[in-house]
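Below, read A as the first sequence line, B as the second, and so on, with proteins coming before strands; counting in each chain starts at 1.
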Amino acid sequence: MEKVTRDLLTQTLLDMGVSAEFAELEIPRDEALGDLSTPVSMRLARVLKRPPTTIAGQIRESMLARGAGLFKSIDIAGQGFINLTFSDDALIAELKRLLQQQEAYCREDIGRGKRVQIEFVSANPTGPLHLGHGRGAAVGMALANLLQEVGFGVQREYYINDAGVQIEKLGQSVFARYRQLFCDEPEYPFPEDGYRGDYISELAESPEIRDFAGRSGLCYSEFKDVADTIKELSCSLMLREIKRDLTDFGVTFDSWQSERELYRSGLVQSAIAFLRSKGLIYDSEGAQWFKSAAFGDDKDRVVVKQDNQYTYFASDIAYHKQKLDRGFQEIIDLWGADHHGYIPRVSAVLQGLGLPSEGFNVLLIQMVTLLRDGRPVQMSKRAGDFVTLRELIDEIGPDTTKFLFLTRRHDTPLDIDVEKAKAQSSENPVYYVQYAYARINSIFQKAISMGIDPYEPNSISGFNEDERRLLKKALLYPMTLRSAALSREPHRIAFFLHELAGLFHPYYHKHRVITEDALLTQSRLALCNAMRIVFGHGLRILGVSIPQKM
RNA sequence: GCGCCUGUAGCUCAGUUGGAUAGAGCAACUGCCUUCUAAGCAGUGGGUCAGGGGUUCGAAUCCCUUCAGGCGUGCCA
C-alpha cells in the first residue's frame, strides 16, 4: 500500500521535474492527521524557490487526479506537510490483495537477485559459545532471512579459525588436563595462558581423546609428538558442540569455511602472490607488507613476518578474496565490536581487489555485558568464567533469548542481568507477539468447528475505527520490512510485531470475531487472516517459533 | 594522545535516517476471567533526550565543545 502511494508520489514529482529521491513517506505520529504523510514540499521549497504550501497544493491536485479513489482525502497541514488518508474501498481492495498473495504481499524486490554473503558468529573453536556469539547468531540469522525475503541471493557462512596459536593452546590445555586426570600426574604443568574452563576436562574425558590416548600412549608422549591429532580432535569436538548449540538455538548455516583449509589448498599463498603481482605487496625490514594505507587505512600492514610466518591478516586476505572469487557482490561480516579497528585493513584488501567500498559492510555486534547482582561479570574464555549461550537457552528458551537480542540495535552495548532475564522470561515480549498469533489460530479453529472457512472469506463489509487502524498497520508492514532491509536492522521487525500485537490484543478483548452476524464475521475473519499472515511472516524472519496454541 | 561506539522514564531499550505534542516493556499502584486462550485487557504515576553552543522552516537525530562509560590503537589471533 505504501509502495503504490510511493510510486504515485514519484510519478507526480517526475512530472514536476523533480528527482524521485525526494519521494519519502512516513507514518504521522498522530493518526488523526492521516495514514501516511510526506514532508516533500518543505524540502522542495528551497530547491524550487517557492513556498511549501504552494508546492503541496500542486502535488495534492496531481495525486488526487492520478490516485483514482485511493484516497479519501489529501490535506495540507502545518508548514507544508501533505497528509494522505486512504479511502475505505482502497483499504478493502488492498486487504483482498494481501489475502490472495499471502506472504508474497510483504515482499518488495529490493535485492534484484544480488548475491550477498553474510558471515557471522565465526567463534574460535576453542570454547563454547557465549552470549556475545548468541547475539551475533540471532542478528545474523534474522538479517539473512530478511535480505533473502526481499530478493537478495543470500549465503550464510561460518568461518572456522582452526589454524594458529589459539588452537595450539587448546591442544596444550587438553593434553595437560589429560595428563592430570588419567596419568597419575596431578601436578602436570598447565600452560600459562591455556584455557581453563571445565569444558577442557570434558574434552580430555571424551571417548575420542581417550581412545586416541590409549592407542598412542599419551601418558608417555611429548606434546609435540601428538600435537596434530590432539589439536584436530579437540577442535572438531568443540566445533561439534558449537554446531549443536547453534542448532538448538535455531540458527543454521549454508557453508562452513575452514581457515586451515585455506592454507592447505594454497589459497593464502596464491592470494598474496596475486596482490604482489598487482603491486600491492612490498618487502621492507625483512617482512612483507600490504599497502592498506593506499585505501584509507592508517598504515600498511604486515602479512608475512620477519620469521617468515603468516600473520592472521594473511589468511583473512585469502578468505575475503575467496569470497569475491565465489561471486558475491556484497559482503557482510558480523564482528564483535572489539574488532572494529580491523575494518579499514580488510576493506582495503577488498578495494584493492576491485570491490567498491559500499560492497563491504561490517555490522559490529556490541559487547554483551553480563550482570550478576547488578555488577558486571568479567567474561573470559581463558579464565573459564563466563555464561554460555547454552546456559541462557536452557534457562529461558531459544525464542526468549532471540527476542532479547533482536529487540535492540546491534550496535549498542547490551547489559543482561541473568537473574532478571530469568525472572522476566514469563512476561517476555516475545510471548506477547506469539500469543496474538495463537489467539487468531484459536479463533480460526472455532470457526472451522462451526463450519466456517476462515481462510476463504467471500465478502468483506466496512470496518470500524479499531479495525481500520489494525488493517492499516498490517497493510503497511512491507514498509517496515523495506526499511529494515535497507538499513540492515532486523530489530525493526521485532518492534513492529510488538506494536501490531499491541493493537490486536485490545481489539480481541473489545470485539468478538465470530458472531451471529455472518457478514460481520466474514469481515473480521478476513482481518484476522491478514494479521495471521503478517505475524507469521515476521516471526519467521526473526527465526522465532510460531506456536499454533499456547 | 588518537580512533570507533554509547549516554533518552527507577531498570532494559525504541524513536520511521532532520519532521508535527518524545514512546514501549519491566517494576509500582487500582480494577477486569460463565464468552473466540487472563502469556490478556482498562486505568494511574514517572522526562532538563548527559551539559553547553551552532546549523534551519523544524534537532533526541547533523556540526563543534565539555563530561561520563565501553572498546580499539601488535611483525597477537
Side-chain angles (χ1 to χ4, degrees), chain A residues 24-30 33 37-39 42-43 45-46 51-52 77-81 83 124 126 161 163-169 259 285-289 298 301-307 309-313 315-316 336-344 364 366-367 369 374 376 404 407-409 411-417 420-421 423-424 426-436 438-447 449-450 476 479-480 483-484 486-487 489 491-492 494-496 498-499 501-502 504-515 524 528 549-550:
Chain A
E24 280 179 52
L25 290 165
E26 51 199 39
I27 297 171
R29 198 184 299 278
D30 181 357
L33 293 170
S37 101
T38 174
M42 289 179 294
R43 291 187 190 154
R46 217 169 309 165
Q79 312 95 314
F81 284 103
N83 294 325
N124 286 4
T126 52
N161 292 116
V165 301
Q166 297 308 323
I167 294 297
E168 186 77 17
K169 282 177 195 161
E259 181 186 7
E285 302 166 40
Q288 300 182 37
W289 301 70
D298 293 339
R301 306 289 175 174
V302 170
V303 292
V304 181
K305 296 185 274 184
Q306 281 180 336
D307 63 5
Q309 295 283 315
Y310 291 106
T311 62
Y312 179 79
F313 184 40
S315 52
D316 246 359
D338 52 340
H339 290 94
H340 74 258
Y342 204 71
I343 296 174
L364 290 178
Q366 277 292 344
M367 298 289 119
T369 309
L404 188 71
T407 44
R408 273 123 180 117
R409 297 171 52 93
D411 58 350
T412 73
L414 165 61
D415 294 339
I416 294 185
D417 188 316
K420 248 183 213 166
Q424 288 174 9
S426 63
E427 321 231 349
N428 194 275
V430 72
Y431 296 126
Y432 191 71
V433 177
Q434 290 176 318
Y435 191 48
R439 272 184 153 173
I440 293 169
N441 194 251
S442 170
I443 295 170
F444 279 23
Q445 291 311 310
K446 163 119 178 177
S449 75
M450 295 171 66
L476 290 177
M479 201 174 167
T480 297
S483 74
L486 288 176
S487 60
E489 291 182 342
H491 75 277
R492 295 186 188 204
F495 279 93
F496 176 90
H498 195 265
E499 286 167 12
F504 176 77
H505 288 302
Y507 175 78
Y508 175 91
H509 190 260
K510 194 169 164 188
H511 304 283
R512 281 190 72 77
V513 172
I514 299 171
T515 62
R524 290 186 170 171
C528 285
K549 61 174 161 186
M550 291 173 70

K.L.:
Can you tell me the distance, in whole Å, between the CZ atom of Arg43(A) and the C1' atom of rU56(B)?
P.N.:
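Arg43(A) atom CZ is separated from rU56(B) atom C1' by 13 Å.
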K.L.:
Looking at the side chain of Ile27(A), which of rU21(B), rG25(B), rU16(B) is the nearest nucleotide?
P.N.:
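Looking only at side-chain atoms, Ile27(A) lies closest to rU16(B).
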K.L.:
Is the glycosidic angle of rU55(B) within 90° of 0, making it syn, or outside that range, making it anti?
P.N.:
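Glycosidic conformation of rU55(B): anti.
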K.L.:
Please figure out whether Pro506(A) or Pro413(A) has its closest RNA chain B nucleotide nearer the 5' end.
P.N.:
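Here Pro413(A) is the residue nearer the 5' end.
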K.L.:
Checking all strands, does Ala436(A) fall into the base, sugar-phosphate, or nothing category for heavy-atom contacts under 4.0 angstrom?
P.N.:
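Nothing, no heavy atom under 4.0 Å.
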K.L.:
Just by distance, no angles: are the side chains of Tyr342(A) and Arg301(A) close enough, under 3.5 Å, to form a donor-acceptor pair?
P.N.:
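Short answer, no.
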K.L.:
On a plain distance test, is the side chain of Ser487(A) in donor-acceptor contact with the base of rU17(B) below 3.5 Å?
P.N.:
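Result: at least one qualifying N/O pair found.
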K.L.:
Can you tell me, in whole Å, how much space there is between the C1' of rG51(B) and that of rA14(B)?
P.N.:
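These two C1' atoms come out 24 Å apart once rounded.
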K.L.:
When you measure from the side-chain N and O atoms of Thr412(A) to the phosphate of rA14(B), is any distance below 4.0 Å, counting only OP1 and OP2?
P.N.:
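Yes, Thr412(A) has a side-chain N/O under 4.0 Å of OP1/OP2 on rA14(B).
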K.L.:
How long is the line joining CD of Glu168(A) and P of rA77(B), in whole Å?
P.N.:
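The distance from CD of Glu168(A) to P of rA77(B) comes to 12 Å, rounded to the nearest Å.
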K.L.:
Do side-chain atoms of Gln306(A) reach the backbone of Glu285(A) as a donor and acceptor pair under 3.5 angstrom?
P.N.:
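The answer is yes, because a donor-acceptor pair under 3.5 Å joins these two groups.
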K.L.:
From CG of Leu25(A) over to P of rA20(B), roughly how many Å is that when rounded to an integer?
P.N.:
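Answer to the nearest Å: 15 Å.
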K.L.:
Keeping the roles fixed (side chain from Arg408(A), backbone from His491(A)), state whether a donor-acceptor pair exists under 3.5 Å.
P.N.:
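Not confirmed, Arg408(A) side chain does not pair with His491(A) backbone.
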K.L.:
What's Thr311(A) touching, base or sugar-phosphate or nothing? Going by heavy atoms closer than 4.0 Å.
P.N.:
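Answer is sugar-phosphate: Thr311(A) comes under 4.0 Å of backbone atoms only.
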K.L.:
Rounding to a whole Å, what distance do you find between Asp338(A):CG and rC76(B):P?
P.N.:
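About 18 Å, once rounded to whole Å.
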K.L.:
Do Gln309(A) and rC75(B) share a donor-acceptor pair, side chain to base, under 3.5 Å?
P.N.:
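Per atom types, no contact qualifies.
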K.L.:
Between rU17(B), rU12(B), rU6(B), spot the one nearest the side chain of Glu24(A), thanks.
P.N.:
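From the listed options, rU17(B) comes nearest.
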K.L.:
With the side chain of Glu489(A) defined as its heavy atoms from C-beta on, choose the nearest nucleotide among rU6(B), rU17(B), rC41(B).
P.N.:
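Taking heavy atoms from C-beta onward, the closest nucleotide is rU17(B).
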K.L.:
What is the distance, rounded to the nearest whole Å, between atom CZ of Phe313(A) and atom C1' of rA77(B)?
P.N.:
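Those two atoms, CZ and C1', are 14 Å apart.
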K.L.:
Among rC57(B), rA14(B), rC5(B), which nucleotide sits nearest the side chain of Met42(A)?
P.N.:
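Among the listed nucleotides, the one closest to the side chain of Met42(A) is rC57(B).
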K.L.:
Going by modelled atom types, is there a donor-acceptor pair between the base of rA20(B) and the side chain of Ser37(A) at under 3.5 Å?
P.N.:
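Indeed there is one.
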K.L.:
Can you check the distance between rU8(B) and rC13(B), where both ends of the measurement are the C1' atom (answer in whole Å)?
P.N.:
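Straight-line distance between the two C1' atoms is 9 Å.
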K.L.:
Just checking Gln366(A): base, sugar-phosphate only, or nothing, at a heavy-atom cut-off of under 4.0 Å?
P.N.:
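Touches sugar-phosphate only.
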K.L.:
Residues in ring pair (Phe, Tyr, Trp, His ring centres under 6.0 Å) with Tyr432(A), at least two apart?
P.N.:
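Ring pair (Phe, Tyr, Trp, His ring centres under 6.0 Å) check on Tyr432(A) returns His498(A), His505(A).
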K.L.:
Per the atom types in the model, does the base of rG15(B) pair as donor or acceptor with the side chain of Arg409(A) at under 3.5 Å?
P.N.:
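For Arg409(A), whose side chain was compared with the base of rG15(B), there is no donor-acceptor pair (under 3.5 Å).
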K.L.:
Quick one: label His339(A) by what it contacts on the DNA or RNA (base, sugar-phosphate, nothing), any heavy atom closer than 4.0 Å.
P.N.:
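Since a base atom lies under 4.0 Å of His339(A), the category is base.
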K.L.:
Thr407(A) and Leu404(A): which non-hydrogen atoms are nearest, and at how many Å?
P.N.:
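That closest heavy-atom pairing would be OG1-O, 3.6 Å.
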K.L.:
With a 4.0 Å limit, can you tell me whether Arg492(A) has a side-chain N or O closer than that to the phosphate oxygens OP1/OP2 of rU17(B)?
P.N.:
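The answer is no; no side-chain N or O of Arg492(A) sits under 4.0 Å from OP1 or OP2.
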K.L.:
Within less than 4.0 Å of OP1 or OP2 of rC76(B), is there a side-chain N or O belonging to Lys305(A)?
P.N.:
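The answer is yes; a side-chain N or O of Lys305(A) sits under 4.0 Å from OP1 or OP2.
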K.L.:
Just name whichever nucleotide pairs with rU56(B), Watson-Crick or G-U, keeping both distances under 3.5 Å, else none.
P.N.:
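Check on rU56(B): unpaired, no WC or wobble geometry under 3.5 Å.
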K.L.:
What's the CD-C1' distance between Glu26(A) and rU61(B), to the nearest Å?
P.N.:
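The distance from CD of Glu26(A) to C1' of rU61(B) comes to 13 Å, rounded to the nearest Å.
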K.L.:
Sort out the partner of rU44(B) for me: Watson-Crick or G-U wobble, both distances under 3.5 Å, none otherwise.
P.N.:
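Matched rU44(B) with rA28(B) under the 3.5 Å cut-off.
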K.L.:
Measure the distance from OH on Tyr432(A) to C1' on rA39(B) and round it to the nearest whole Å.
P.N.:
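From Tyr432(A) OH to rA39(B) C1': 11 Å.
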K.L.:
Can you find an N or O donor on one side and an acceptor on the other, under 3.5 Å apart, linking the side chain of His340(A) with the base of rG3(B)?
P.N.:
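Under the 3.5 Å cut-off, the side chain and the base do form a donor-acceptor pair.
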K.L.:
Nearest heavy-atom pair of Ala501(A) and Pro506(A): which atoms, and what distance?
P.N.:
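What the structure gives for the nearest pair is O-CD, 4.2 Å.
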K.L.:
Looking just at side-chain N and O atoms, do Ser315(A) and Glu259(A) make a donor-acceptor pair shorter than 3.5 Å?
P.N.:
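Yes, side-chain donor-acceptor contact under 3.5 Å.
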K.L.:
Of all the heavy-atom pairs spanning Asn124(A) and Gln166(A), show the shortest one and how long it is.
P.N.:
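That closest heavy-atom pairing would be ND2-CG, 4.0 Å.
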K.L.:
Just to be sure I understand the rule, does Asp415(A) reach a base, reach only the sugar-phosphate, or reach nothing, if contact means heavy atoms closer than 4.0 Å?
P.N.:
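Sugar-phosphate, backbone atoms only, no base.
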K.L.:
Kindly say whether, by distance alone, the side chain of Asn83(A) makes a donor-acceptor pair under 3.5 Å with the base of rA20(B)?
P.N.:
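In this structure, the two groups form a donor-acceptor pair.
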K.L.:
Can you check the distance between rC63(B) and rG18(B), where both ends of the measurement are the C1' atom (answer in whole Å)?
P.N.:
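Roughly 13 Å separates the two C1' atoms.
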K.L.:
Send over the distance from Leu364(A) CG to rG70(B) C1', rounded to a whole Å.
P.N.:
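Answer to the nearest Å: 13 Å.
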K.L.:
Quick one: the side chain of Arg46(A) and the base of rU56(B), do they pair up donor-acceptor inside 3.5 Å?
P.N.:
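No such pair is found, so the answer is no.
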K.L.:
Could you pick out which residue, Val304(A) or Ala337(A), lies toward the 5' side of RNA chain B when each is mapped onto its nearest nucleotide?
P.N.:
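Of the two residues, Ala337(A) wins.
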K.L.:
Does rG1(B) pair with anything, Watson-Crick or G-U wobble, both distances under 3.5 Å, and if so, with which nucleotide?
P.N.:
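The answer is rU73(B), by the H-bond criterion.
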K.L.:
What distance, rounded to whole Å, do you find between the two C1' atoms, one in rA50(B) and one in rA39(B)?
P.N.:
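So the two C1' atoms sit 37 Å from each other.
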K.L.:
Is the NZ atom of Lys549(A) crowded by more than 12 outside heavy atoms at less than 6.0 Å?
P.N.:
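Result for NZ/Lys549(A): open.
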K.L.:
Please classify the nucleic acid contact of Leu33(A) as base, sugar-phosphate, or nothing, using heavy-atom distances under 4.0 Å.
P.N.:
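The answer is base, as Leu33(A) lies within the cut-off (heavy atoms under 4.0 Å) of a base atom.
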K.L.:
Of all the nucleotides listed (rU17(B), rC13(B), rA20(B)), which has the minimum atom distance to the side chain of Phe495(A)?
P.N.:
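Of rU17(B), rC13(B), rA20(B), rC13(B) is nearest to the side chain of Phe495(A).
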K.L.:
Looking for any heavy atom pair under 4.0 Å, which part of the strands does Val513(A) touch: base, sugar-phosphate only, or nothing?
P.N.:
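Base contact.
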K.L.:
Could you work out which one of rA39(B), rC75(B), rC36(B) sits closest to the side chain of Tyr435(A)?
P.N.:
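Of rA39(B), rC75(B), rC36(B), rA39(B) is nearest to the side chain of Tyr435(A).
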K.L.:
Describe the nucleic acid contact of Lys510(A) in one word from base, sugar-phosphate, nothing, applying a heavy-atom distance below 4.0 Å.
P.N.:
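Result for Lys510(A) = nothing.
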K.L.:
From the set rU16(B), rA38(B), rC26(B), return the single nucleotide nearest to any side-chain atom of Glu427(A).
P.N.:
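Looking only at heavy atoms from C-beta outward on Glu427(A), the closest nucleotide is rC26(B).
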K.L.:
Syn versus anti for rC49(B), judged by chi lying within 90° of 0?
P.N.:
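You should classify rC49(B) as anti.
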K.L.:
Considering every strand shown, what is the Watson-Crick or G-U wobble mate of rC13(B) when both distances are under 3.5 Å?
P.N.:
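Base-paired to rG23(B).
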K.L.:
What nucleotide among rC5(B), rC75(B), rG40(B) has an atom nearest to a side-chain atom of His505(A)?
P.N.:
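Of the candidates, rG40(B) comes closest.
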